[in-house]
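One structure, as structure tokens, below. Some questions next.
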Amino acid sequence: MKKFAVRSTSLLLAAGLGLAAAASWSAESLQDVMKRRNLSQQDLLAASKTYVPTGKRDDFIAFSSGGQSGQIIVYGIPSMRILKYIGVFTPEPWQGYGFDEESKAVLKQGRIDGKDITWGDTHHPAISETQGKYDGQYLFINDKANPRLAVLDLRDFETKQIVVNPIFKSEHGGAFVTPNTEYVIEAAQYASPLENKKFFPLEEFNEKYRGGVTYWKFDRKEGRIVEKESFSLELPPYSQDLSDAGKGPSDGWSFTNSFCSERYVGGIEKGRPPYEAGCSAKDTDYLHVINWKKAAELVKAGKAKKINGHDVLMMETAIKEGILFLIPEPKSPHGVDVTPDGKMLVVAGKLDTHVSVYSFEKIMAAIKAGKFESKDPYGIPVLSMKDTLHTQVQLGLGPLHTQYDSKPCIAYTSLYVDSQVAKWNYCEGKVLDKISVHYNIGHLMTMEGDSVDPKGRYLVALNKLSIDRFNPVGPLHPQNHQLIDISNDKMQLLYDMPLPLGEPHYVVAISADKLKPGVRYKVGTNSRTDKPHPGRVVAGEERTVKKGNKVEVFGSLIRSHITPETIEAEVGDEITINLTNLERAQDETHGFTVSTYNVHASVEPGKTVQLKFKADKEGVYPYYCTEFCSALHLEMQGYLLVKPKGWKPSKTTTLAKGSYTEADYKATVKKVADTQVIIDSVVAYITSVNYKDFPDVVAMVEDAFDQLGKTKGLKEKHEAFAAKKDWENANLWAEQIWQYQVKTADLGLRAKTYLEQNGAKKVK
Ligand code: RUQ
Ligand code: CUA
């Protein structure tokens with residue numbers, strides 16, 4: 001312990017005075033490295049396009065679905081460095097998601113029929129939009145298996161809300177936002193009876209089973225979905241698939257395609273041909289064309305029917321009011337993607353080699369003229385392909401999804417069977433370039449490529465199989481996200497990134513400068529509700545309240561201690577621990593757990609969390625901070641003492657004593673004086689420059705002075721004990737001053753480095 005203390009003083013000294021060891025340079029040349037690592041010119045070119053030097057940042061931030069993990073993966077482009085996993089539908093221990101009361105309340109919103117669902121099949125993330133452009137405020141994502149939708153706030157990258165679809169049993173075509181995020185669209189997948197807990201045999205599939213689209217009303221100011229103002233449109237049992245919202249001229253309309261419009265119900269065990277045969281028998285399926293603005297008005301006017309307490313606009317009404325149409329689309333389509341100008345929609349048929357480009361203008365003209373080729377079995381008017389198509393282009397085998405470039409008319413489509421990306425011109429209907437990917441690409445994504453303002457530059461291919469790309473890790477392979485440079489005529493493959501957290505279906509990427517996440521909360525915030533937390537405390541107000549069998553702690557965390565340091569309870573007590581992180585400095589997160597009680601919290605600066613559990617077993621349970629927050633992180637500890645009922649201390653128990661001498665005390669006092677010299681020099685530097693122009697530094701300086709402020713009165717205290725020759729108390733109280741000094745110096749040095757690196761100017 002003492003050795004360590006001495007070493008850290010000298011370390012601080014070295015840093016404070018700017019005495020860093022001289023860097024030694026390698027003599028190896030670029031040619032040497034190429035030879036040694038067997039790299040080509042092409043490799044180097046690719047590397048130079050994706051490498052982000054240390055200390056530099058990425059231009060784009062990608063939000064990837066985490067597939068079956070129920071989470072979201074955040075990474076930077078072009079470096080492909082993973083920045084964060086965000087717990088959404090499933091517990092995420094690092095963030096305490098599902099282990100503290102605040103996040104449990106969010107996960108609880110995702111319960112279905114009173115049961116926890118602790119996994120999710122996340123598919124499509126969507127960033128909120130303003131006038132069709134990504135605005136960087138919110139993120140949405142759907143769970144296909146258990147029809148749910150989540151809302152994340154991009155101010156802190158936390159999940160704030162989960163809503164359960166009231167009428168579907170699965171969903172796929174979500175989350176897609178309307179151009180001003182008025183609604184978040186979510187389409188059903190596998191048809192089922194809309195009324196909950198109602199059974200109908202498969203023989204009644206055509207009559208009793210239904211699909212649909214839900215329009216979740218989003219309140220941007222509150223940052224939450226308003227369930228009461230949300231509604232659905234009843235649709236035929238056609239396995240609605242992906243959706244997209246119109247924009248520009250097509251704003252107010254939405255498009256949802258479908259497969260298995262054959263309404264085939266399988267039954268191989270009864271000798272019937274299987275689903276895959278019956279669901280792809282016809283040459284075409286149906287694209288649903290819906291006027292959602294008008295639908296919302298009809299619902300407001302009371303034309304909806306309540307199903308499971310939710311407003312559903314029935315097909316009959318939608319047909320009568322002229323807001324629902326169908327258009328044939330090539331066999332088993334997958335993906336309907338509206339062009340950035342909102343004038344066309346691209347549909348790819350998985351089992352066709354073409355993509356079909358429909359013209360919104362032609363669709364509207366046909367509707368206006370009442371030119372329908374037929375009606376479907378439910379009476380929905382069907383527009384003809386001939387009247388609505390702009391063009392069809394043969395791209396290759398298994399076209400799936402389309403994204404757009406910043407250059408007009410340029411689109412990229414994934415070819416699942418060919419394992420390729422095709423670059424093509426949708427205005428002129430020509431193929432421009434193709435590149436192979438590894439292997440079986442699902443979605444693909446260009447920068448802001450589904451907005452009205454795509455940014456071009458990079459494309460990410462989300463490949464389903466990675467086979468020979470990475471070092472083998474057993475039969476279950478990682479997914480492969482491949483980064484492709486699209487800034488030139490020819491596409492260039494730059495990088496393979498393994499993604500080992502479920503099958504990510506879709507990714508969206510936003511210009512990094514549009515995101516402005518905070519680094520701290522207002523002290524005492526419940527981050528899941530954005531409201532002041534009833535369990536919050538300010539420094540000095542920490543307390544433990546015992547009422548009957550309830551023990552409630554109002555505690556705090558700050559380097560390097562937890563207040564309180566002991567919690568006493570009796571077996572059977574209900575324990576509630578509220579903890580506020582009093583730090584203001586950036587990145588000073590503390591974690592908290594109590595041994596064997598399955599609770600954990602991540603408490604970022606300013607946040608208040610609550611942990612609740614029953615002390616159902618007698619014993620001694622250490623609690624500690626789980627983030628390496630400071631040099632004395634390991635000492636950030638305490639004990640939960642769970643006593644047997646009616647336990648009384650025996651008179652002979654006293655705390656163990658240390659054996660400190662006068663020499664120990666004197667050494668500590670000297671250490672304190674030396675450290676003060678460093679602090680003074682750092683303070684002199686900081687106050688000599690315009691540090692007040694840097695909010696991050698101001699926060700660090702405030703924290704530093706907070707720490708130093710705590711030394712008040714301690715000098716008198718240790719001197720009084722020294723006068724009484726109580727070397728233990730004298731030494732330990734002097735040591736405590738040094739603890740505060742270390743944290744002050746640590747913050748001060750960080751502030752100094754920040755100022756030096758960010759061009760602080762002398763003020764005098
Ligand atoms: S869709 S299978 Cu996004 Cu290709 Cu889910
Ligand atoms: Cu706080 Cu470790």
Side-chain angles (χ1 to χ4, degrees), residues 64-68 94 96 120-126 140-145 147 170-176 185-190 239-244 256-260 332-337 347-350 398-403 413-417 440-445 450 460-464 479 502-508 555-563 565 579-583 585 587-593 600-605 607 609 622-638 703 707 739 742-743 746:
S64 171
S65 112
Q68 297 89 334
W94 171 46
D121 189 11
T122 54
H123 269 243
H124 308 108
F140 308 92
I141 193 160
N142 67 318
D143 170 5
K144 169 174 169 170
S170 64
E171 54 100 323
H172 185 247
F176 297 93
I185 303 172
E186 180 189 37
Q189 181 105 91
Y190 305 113
S239 296
Q240 280 76 33
D241 199 39
L242 286 159
S243 307
D244 203 359
T256 298
N257 51 27
S258 63
F259 60 88
C260 205
S332 301
H334 194 59
V336 44
D337 298 283
V347 172
K350 284 192 302 264
L400 297 186
H401 300 284
T402 298
Q403 289 264 299
T413 298
S414 50
L415 303 174
Y416 179 82
V417 179
N440 292 96
I441 176 173
H443 278 271
L444 78 181
M445 181 268 299
D450 58 11
V460 177
L462 281 69
N463 305 319
K464 303 290 179 194
Q479 305 282 311
E503 184 203 325
H505 282 261
Y506 186 39
V507 183
V508 284
S556 69
L557 304 164
I558 192 162
R559 274 158 295 161
S560 308
H561 46 257
I562 302 168
T563 308
E565 297 194 335
L579 292 167
T580 301
N581 182 341
L582 299 176
E583 312 268 1
D587 204 11
E588 281 305 338
T589 293
H590 300 288
F592 182 86
T593 188
H600 182 241
S602 169
V603 202
E604 296 90 49
K607 197 191 237 187
V609 299
Y623 53 81
Y624 67 96
C625 168
T626 62
E627 282 275 332
F628 209 110
C629 54
S630 58
L632 273 298
H633 148 77
L634 293 174
E635 289 78 353
M636 201 165 167
Q637 61 169 28
D703 266 10
Q707 292 282 354
Q739 290 307 330
V742 168
K743 282 164 253 171
D746 174 35

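FYI, the numbering just counts along the sequence from 1. All ligand and atom numbering here is 1-based and tracks the order in the structure.
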| message | Using a 3.5 Å distance criterion without hydrogens, assess whether the side chain of Gln68 forms a donor-acceptor pair with backbone atoms of Glu503. | response |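 Side chain of Gln68 to backbone of Glu503, a donor-acceptor pair under 3.5 Å: yes, one is there.
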| remark: One finds that the ligand 1 atoms under 4.0 Å from a non-hydrogen atom of His124 are 1 (S), 3 (Cu), 5 (Cu)
| task | Verify the distance test for Met636 against atom 1 (Cu) of ligand 2: any N/O/S atom under 2.8 Å, yes or no. | result | yes
| field | His123 backbone or side-chain N/O/S under 2.8 Å from atom 5 (Cu) of ligand 1 | value |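 Given the 2.8 Å cut-off, His123 counts as a ligand of atom 5 (Cu) of ligand 1.
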| query | Under the ring pair (Phe, Tyr, Trp, His ring centres under 6.0 Å) criterion, do His600 and Phe592 qualify, and how do the steps go? | reply | CA-CA 6 Å; His600 182 241; Phe592 182 86; 8.7 Å; no
| said: So that I can check it, does any N, O or S atom in His633 come closer than 2.8 Å to atom 1 (Cu) of ligand 2? | reply: no
| query | Does Glu171 pair with Lys144 as a salt bridge, N-O distance under 4.0 Å? | reply |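 Between Lys144 and Glu171 there is no salt bridge, as every charged N stays at least 4.0 Å from the carboxylate O atoms.
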| request: Find, among atoms of His590 that are N, O or S, the one nearest to atom 1 (Cu) of ligand 2, and state its name. | output: ND1
| Are Glu627 and His590 side-chain neighbours, meaning at least one heavy-atom pair lies under 4.5 Å? |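 Not touching, per the 4.5 Å side-chain cut-off.
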| field | atom 4 (Cu) of ligand 1 reached by His505 (N, O or S, under 2.8 Å) | value | no
| Metal-centred angle, SG of Cys625 through atom 1 (Cu) of ligand 2 to SG of Cys629, rounded to 10 degrees | 120°
| task | Verify side chain to side chain donor-acceptor pair (under 3.5 Å) between Thr402 and Thr413, making sure each step is shown before the conclusion. | result | CA-CA 4 Å; Thr402 298; Thr413 298; 2.8 Å; yes
| remark: atom 4 (Cu) of ligand 1: closest protein heavy atom, distance to 0.1 Å, is His334 NE2, 2.1 Å
| task | Decide if the gap between the ring center of His443 and the ring center of His505 is smaller than 6.0 angstrom. | result | no
| request: Specify whether an N/O/S atom of His172 falls short of 2.8 Å from atom 5 (Cu) of ligand 1. | output: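 For His172, the answer is yes, given that an N, O or S atom comes within less than 2.8 Å of atom 5 (Cu) of ligand 1.
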| Applying a strict 4.0 Å limit to heavy atoms, is Lys144 in contact with ligand 1? |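 So Lys144 does not count as touching ligand 1.
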| query | Are any of the side-chain heavy atoms of Lys350 and Leu400 separated by less than 4.5 Å? | reply |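 Side-chain contact under 4.5 Å: yes.
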